[in-house]
There are 2 protein chains.
Amino acid sequence: MTSATPTDTVRRDRRHVRHEATKREILDAAWKMVGTDGLNGLSLRALARAVDMEPQSLYTYFSSKHAVYDHLFADGNRQLLTRIEGIAVSDDLSQVLRSMALLFVSFAGEDRARYELLFLRTIPDFEPSPESYAIATEVFAKGRSVLAGVGIGGDTDFDLWTAVVAGLSSQQVANAPGGDRYVRLIDDAVAMFAEYIIGRPAAIRATKA
Amino acid sequence: MTSATPTDTVRRDRRHVRHEATKREILDAAWKMVGTDGLNGLSLRALARAVDMEPQSLYTYFSSKHAVYDHLFADGNRQLLTRIEGIAVSDDLSQVLRSMALLFVSFAGEDRARYELLFLRTIPDFEPSPESYAIATEVFAKGRSVLAGVGIGGDTDFDLWTAVVAGLSSQQVANAPGGDRYVRLIDDAVAMFAEYIIGRPAAIRATKA
DNA sequence: GTCTATAAATGGATAGAC
DNA sequence: GTCTATCCATTTATAGAC
């Protein structure tokens with residue numbers, strides 16, 4: 001045991017703050033790079049160059065390239081979680097559905113690479129760490145609870161809803177990047193889904209809920 | 001000008017046939033590899049090993065890695081086109097929609113890498129050649145004409161439909177690979193869409209068609 | 001914490017012999 | 001058409017100076 005003076009503690013804190021700040025800087029640069037070069041186009045050399053470092057120095061902050069992806073994955077899910085938590089509480093089904101759909105489709109449309117990282121699994125061998133995955137689980141749970149709040153509680157209903165939103169999102173990302181071609185379909189999609197769900201008891205729907 | 005004897009022509013043909021057969025063999029191996037290692041995990045070295053060649057020899061058949069991807073892209077679209085052409089002609093809206101949805105969701109669920117290659121753009125810098133892209137355009141046109149045959153002719157209606165199908169497909173691929181969790185939702189999704197489209201004239205829908 | 005140096009593996013690609 | 005040889009970039013990782 002070495003005795004830690006108050007001064008030591010302060011130094012450690014400062015160092016830690018600095019360390020985290022640099023990490024943040026690297027991750028911001030990484031977001032920028034995957035945004036322009038594609039998620040799979042990220043290279044540690046280029047990343048190091050972008051933050052004015054030697055590639056080897058990145059290892060002080062991230063133990064591997066996958067670790068960088070893992071932090072981006074956590075980042076993206078945290079951003080999404082914050083937005084979901086900002087959804088106005090309401091018992092108006094259509095209004096909640098519209099907010100949620102707009103949130104997801106916008107989120108997807110804003111950053112193709114982020115969408116790819118969070119929702120498609122396109123990086124060979126990349127698996128988020130348990131800690132990062134926990135945030136993704138939280139996103140899912142939060143989204144599910146918002147939907148449950150307006151009566152969409154069944155597995156089938158929820159799956160159908162996520163399919164509708166995923167469809168608008170993936171089409172927006174793949175076929176209308178930067179535009180609003182599928183964002184403009186949200187009102188239609190919500191009306192379509194809501195009428196189907198409301199219009200009839202679960203028992204007579206094509207698939208049992 | 002050198003004079004070509006009939007024998008020369010036969011030799012050239014045989015060579016050509018052999019060349020195409022080897023090309024086919026390489027592409028089949030490539031499909032297998034992207035299926036297991038992911039679309040972005042394809043390596044020319046591993047591909048060469050799989051067909052018992054030196055990596056450099058692949059360049060006799062494909063001018064670059066992107067050229068391999070381009071042939072896979074054309075391959076996949078040809079497969080899809082064949083299936084669409086096999087859709088039974090009918091004027092029953094629900095039946096046609098069900099067939100189309102099942103076709104696409106199954107196609108996606110069967111081969112994740114193929115879906116990624118054809119519908120998401122996850123390979124940095126890869127752009128299909130005009131010849132390959134033409135096949136994709138044919139797929140789109142064929143799909144659109146089948147839908148138009150049952151009255152889904154407007155841009156908005158068609159976009160909403162493709163979003164629904166893309167949603168089921170991408171959820172199936174990403175969240176239920178090998179299963180049928182979203183395939184089972186097809187009847188629901190088709191009923192939802194059909195009722196919305198039939199139920200009311202275009203003018204009073206949320207977005208004008 | 002950052003650098004230089006260094007290593008070994010892998011990847012895409014080309015030139016030229018046979 | 002296939003090979004050997006070769007090139008250059010990238011990735012991952014370690015050791016050690018400052």
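Letters A, B, ... are given to chains in the order of the sequence lines, protein chains preceding strands, and every chain is numbered from 1.
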Donor-acceptor pairs under 3.5 angstrom involving side-chain atoms of residues 138-154 of chain A: please list them, not counting sequence neighbours.
residue  : atom : partner  : partner atom : Å
A:Arg144 : NH1  : A:Asp155 : OD1          : 3.3
A:Arg144 : NH2  : A:Gly153 : O            : 2.9
A:Arg144 : NH2  : A:Asp155 : OD1          : 2.9
A:Ser145 : OG   : A:Lys142 : O            : 3.4

Separation of B:Tyr59 atom OH from C:dG12 atom P, in whole Å? 7 Å
In residues 94-104 of chain A, what donor-acceptor pairs under 3.5 Å come from side-chain atoms, sequence neighbours left out?
residue : atom : partner : partner atom : Å
A:Ser99 : OG   : A:Gln95 : O            : 2.9

Hey, can you tell me if A:Phe119 and A:Phe107 have their rings parallel, tilted or perpendicular (30° and 60° cut-offs)? perpendicular
Smallest heavy-atom separation, A:Ala108 atom then A:Val173 atom, equals O-CG2, 3.3 Å
Among residues 23-38 of chain A, which residues get a heavy atom nearer than 4.0 Å to DNA chain D? none
B:Leu42 near the nucleic acid: base, sugar-phosphate alone, or nothing, with a heavy-atom cut-off under 4.0 Å? sugar-phosphate
Quick test of your reading: applying side chain to side chain donor-acceptor pair (under 3.5 Å), list the pairs with at least one residue in residues 101-114 of chain B, sequence neighbours left out, ordered by first then second residue. B:Gln79-B:Arg114, B:Arg83-B:Glu110, B:Glu110-B:Arg114
With B:Asn175 via side chain to side chain donor-acceptor pair (under 3.5 Å) - residues at least two apart: B:Gln171
Show the distances under 3.5 angstrom between N or O atoms of the protein and N or O atoms of nucleotides 6-8 of chain C.
residue : atom : partner : partner atom : Å
C:dT6   : O4   : A:Gln56 : NE2          : 3.2

Bounded by its outermost nucleotides with an atom under 4.0 Å from a heavy atom of chain A, the footprint on DNA chain D reads D:dT10 to D:dT14
If the condition is salt bridge (Lys or Arg N to Asp or Glu O under 4.0 Å), which residues does B:Asp180 pass it with, not counting sequence neighbours? B:Arg184
Interface with DNA chain C, restricted to residues 60-70 of chain A and to heavy atoms under 4.0 Å: A:Thr60, A:Tyr61
Kindly write out the residues that satisfy salt bridge (Lys or Arg N to Asp or Glu O under 4.0 Å) with A:Arg121, not counting sequence neighbours, or none if the list is empty. none
When you look at OH of A:Tyr133, are more than 12 heavy atoms from neighbouring residues, nucleotides or ligands closer to it than 6.0 Å? no
Are B:Thr60 and B:Ser57 close enough that a side-chain donor and a side-chain acceptor fall under 3.5 Å? no
Whole angstrom is fine here: how far is it from CZ in B:Arg49 over to P in C:dG12? 11 Å
Donor-acceptor pair, distance only, cut-off 3.5 Å: does the side chain of A:Asn40 make one with the backbone of A:Thr122? yes
Quick one: label A:Leu47 by what it contacts on the DNA or RNA (base, sugar-phosphate, nothing), any heavy atom closer than 4.0 Å. nothing
List the residues meeting side chain to side chain contact (heavy atoms under 4.5 Å, CB included) with B:Phe126, not counting sequence neighbours, and say none if there are none. B:His66, B:Tyr69, B:Asp70, B:Phe73, B:Leu117, B:Ile123, B:Pro128
NA contact type, B:Ser43, heavy-atom cut-off 4.0 Å: base, sugar-phosphate, or nothing? sugar-phosphate
All salt bridge (Lys or Arg N to Asp or Glu O under 4.0 Å) counterparts of A:Asp28, not counting sequence neighbours: A:Arg24
